[in-house]
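Heavy atoms only: backbone and side chains are in, while hydrogens, waters and symmetry mates are out. Chain letters run A, B, ... following the sequence lines, proteins first and then strands; every chain starts at 1.
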There are 2 protein chains.
Amino acid sequence: MEKQFHQYQNPAVAIDLVVFGYTQKQLSVLLLNRKDAPYKNGWTLPGAFVQMDETFQDVCLRILNSKLGLSNLFLEQLYSFDRLDRDPRGRVISVSYYSLINPELFTLTAGTMANDVAWFGVDELPALGFDHSAILSTAIKRLKTKILYDPVGFELLDEEFTMTELHELYECILDSSIDRRNFRRKILDSNYIIATGKRREGLKNRHPELYCFNKDLKQNNFHLNITLS
Amino acid sequence: MEKQFHQYQNPAVAIDLVVFGYTQKQLSVLLLNRKDAPYKNGWTLPGAFVQMDETFQDVCLRILNSKLGLSNLFLEQLYSFDRLDRDPRGRVISVSYYSLINPELFTLTAGTMANDVAWFGVDELPALGFDHSAILSTAIKRLKTKILYDPVGFELLDEEFTMTELHELYECILDSSIDRRNFRRKILDSNYIIATGKRREGLKNRHPELYCFNKDLKQNNFHLNITLS
DNA sequence: TTACTTTGTGTCAGAATAACGCAAAGTAAA
DNA sequence: TTTACTTTGCGTTATTCTGACACAAAGTAA
């Protein structure tokens, strides 16, 4: 150990999570109402400090565990934030991750740190503590570009979904309208989404076809090149 | 200040830099020969610890300053690395950045921490200390995708360059051959690169046209969609 | 002068794409 | 069941984009 490890104090390192969900045709984010200062009773992204013996992934799972009944979910590093004054308590560097889940598969429970935990539509966000608005913007921007070249959207849907549901998801995230028929063709041409042969129950006669993510497909070009309008 | 800031020790945070250069038709990386343990006399990426009052950018410039006569250069955050055992001295989180420079515009000088500093072609790399091979792979992968949709390649060339030089740069970074005539068409169609009207001196008669980056152009789609072979 | 390489520009067939038509299936209400 | 309407699945077509390649003028080296 050299001087860095003792002589100087190190910045604290936190993980902040942007958990995306999709319900009622709306992209939502999981926020947490803080029980303690700073930003007491204010909304922030869920987060936690990185302890000496924890990897980023450890911390992510710890956060998710204390706020959700978690499962194996999509998790990707987003960006690291470093503004000196981003935390009023002192120097805290934030390494942010984002996650995609289907909210209907989980039940929310506020952990010990929070008064409440809730989904907010990305268009109806409250003011956020720390620099979490900047983190969230970065996450939304990343998601918008990511779904165009990487098949990650399915993480937000049921395992089986209709083409219309997938289409609405893309229109919602990209915040623009996409021609229904061209979208279908591009999605199916990619071979990443395949028909299950099944149709959803609960309607009168026949029902729209169900599709699912093609797990067998590893190496392929998924580049939607979607025309927005 | 709550318990995080005193009761627990925080991981150290370091910045590691991948400085790319391009000379003799080869993509190179700046490496540093360490004077002290760990990895004494071994090669690593240049790096430094983040002090309490420094932003990431501050640290990047500090590193570059002590190793190069630096100017305003392209600098972008790459990824944050967190393996518990990535530094034998103890827990160190690394936030990596990468930078693109034209090596001919700078002169290297080894700082106090290093025996030597040198350029290595990305195909002739020595073994690297810490997890720096992983950082470097991440940087190369990022660069390969980035030049396809963002006009950053010019950072590696002179302000004025021939179409052939740009073409060779792309073939070198992407490690594949690109049809010369289709490349030219796509580059010029993008309007990001324009002819200067000038021709390079020093040859017998007439010389190939010079081009430069179009600074006036802010919002445009630069998507090369290059066919590799 | 000759033989060769480099550079600038064009052509063209085939692929990809945006825009849009249409009919069958599903739904809701009388 | 009939009627009016919406949703879903599948085509068609004109246009643009792209890859592959030809060719000649300019530059270079003997």
Side-chain angles (χ1 to χ4, degrees), chain A residues 24-25 147-149 157-158 160-172 174-212 214 220-229, chain B residues 24-25 147-149 157-158 160-172 174-212 214 220-229:
Chain A
Q24 270 103 40
K25 304 187 181 180
I147 58 166
L148 292 178
Y149 67 86
L157 297 174
D158 291 334
E160 299 183 334
F161 47 85
T162 65
M163 190 56 74
T164 304
E165 285 165 350
L166 188 63
H167 179 234
E168 283 170 347
L169 174 69
Y170 269 75
E171 288 196 326
C172 171
L174 297 172
D175 194 28
S176 55
S177 62
I178 304 165
D179 184 273
R180 181 177 60 86
R181 294 148 289 187
N182 294 335
F183 177 80
R184 160 186 282 271
R185 178 168 43 89
K186 284 180 186 179
I187 285 285
L188 293 179
D189 281 357
S190 81
N191 288 328
Y192 265 105
I193 283 80
I194 51 177
T196 62
K198 290 182 261 177
R199 283 160 190 272
R200 187 166 289 162
E201 299 296 321
L203 300 176
K204 267 193 186 169
N205 304 326
R206 272 162 48 87
H207 321 303
E209 283 185 86
L210 289 178
Y211 296 85
C212 68
N214 182 357
N220 201 348
N221 54 337
F222 183 83
H223 216 300
L224 287 187
N225 229 331
I226 280 171
T227 305
L228 311 175
S229 56
Chain B
Q24 271 103 43
K25 303 187 183 183
I147 57 166
L148 293 178
Y149 66 89
L157 298 175
D158 291 334
E160 299 184 334
F161 46 85
T162 66
M163 190 57 73
T164 304
E165 285 165 350
L166 188 63
H167 179 234
E168 283 170 349
L169 173 68
Y170 269 76
E171 289 196 325
C172 171
L174 297 172
D175 194 29
S176 56
S177 61
I178 304 165
D179 184 273
R180 180 178 61 85
R181 295 148 290 188
N182 294 336
F183 177 80
R184 160 186 281 272
R185 185 184 36 171
K186 286 180 185 179
I187 286 284
L188 293 180
D189 281 357
S190 81
N191 288 327
Y192 265 105
I193 284 82
I194 51 177
T196 63
K198 291 183 263 178
R199 283 159 189 275
R200 187 167 288 162
E201 300 295 320
L203 301 175
K204 266 192 188 170
N205 303 328
R206 274 165 41 91
H207 321 305
E209 283 185 85
L210 290 177
Y211 296 85
C212 68
N214 182 357
N220 202 348
N221 55 335
F222 183 82
H223 216 299
L224 287 187
N225 228 332
I226 280 170
T227 305
L228 312 174
S229 57

Nearest-Å distance for atom pair CZ/C1', residues A:Phe183 and D:dG11
19 Å
In terms of side-chain heavy atoms of B:Arg184, which of C:dT9, D:dG9, C:dC20 is nearest?
C:dT9
Indicate, yes or no, whether a donor-acceptor pair under 3.5 Å links the base of D:dA20 to the side chain of B:Arg180.
no
Please determine, for the side chain of B:Thr164, which listed nucleotide (C:dT7, D:dA22, D:dC10) has the closest atom?
C:dT7
Spacing between B:Glu165 atom CD and C:dG8 atom P, to the nearest angstrom:
11 Å
For B:Tyr170 and B:Leu224, which heavy atoms make the closest approach, and how far apart are they?
CE2-CD1, 3.5 Å
For B:Leu224 and D:dC17, give me the distance from atom CG to atom P, rounded to whole Å.
15 Å
Rounded to whole Å, please give me the gap between CE in B:Met163 and C1' in D:dA26.
17 Å
Write down the atom of B:Phe161, the atom of B:Asp158, and the distance for their closest heavy-atom approach.
CD2-O, 3.4 Å
Measure from the side-chain N and O atoms of B:Asn214 to the backbone N and O of B:Ile194, and report whether any donor-acceptor pair falls under 3.5 Å.
no
I want to verify a distance call: between C:dT7, C:dC20, D:dC21, whose nearest atom is closest to the B:Asp179 side chain?
D:dC21
B:His223 NE2 to C:dT17 C1', straight-line distance once rounded to whole Å
16 Å
Rounded distance in Å - CD (A:Glu168) to C1' (D:dT7)
11 Å
Under 4.0 angstrom between A:Arg181 side-chain N/O and D:dC10 OP1 or OP2:
no
Please give, in whole Å, the distance from C:dA15 P to A:Lys186 NZ?
18 Å
In whole Å, I'd like the distance from the CD1 atom of B:Ile187 to the P atom of C:dT9.
15 Å
For C:dG8, does the base pair up with any side-chain atom of B:Arg185 as donor and acceptor (N or O, under 3.5 Å, distance only)?
no
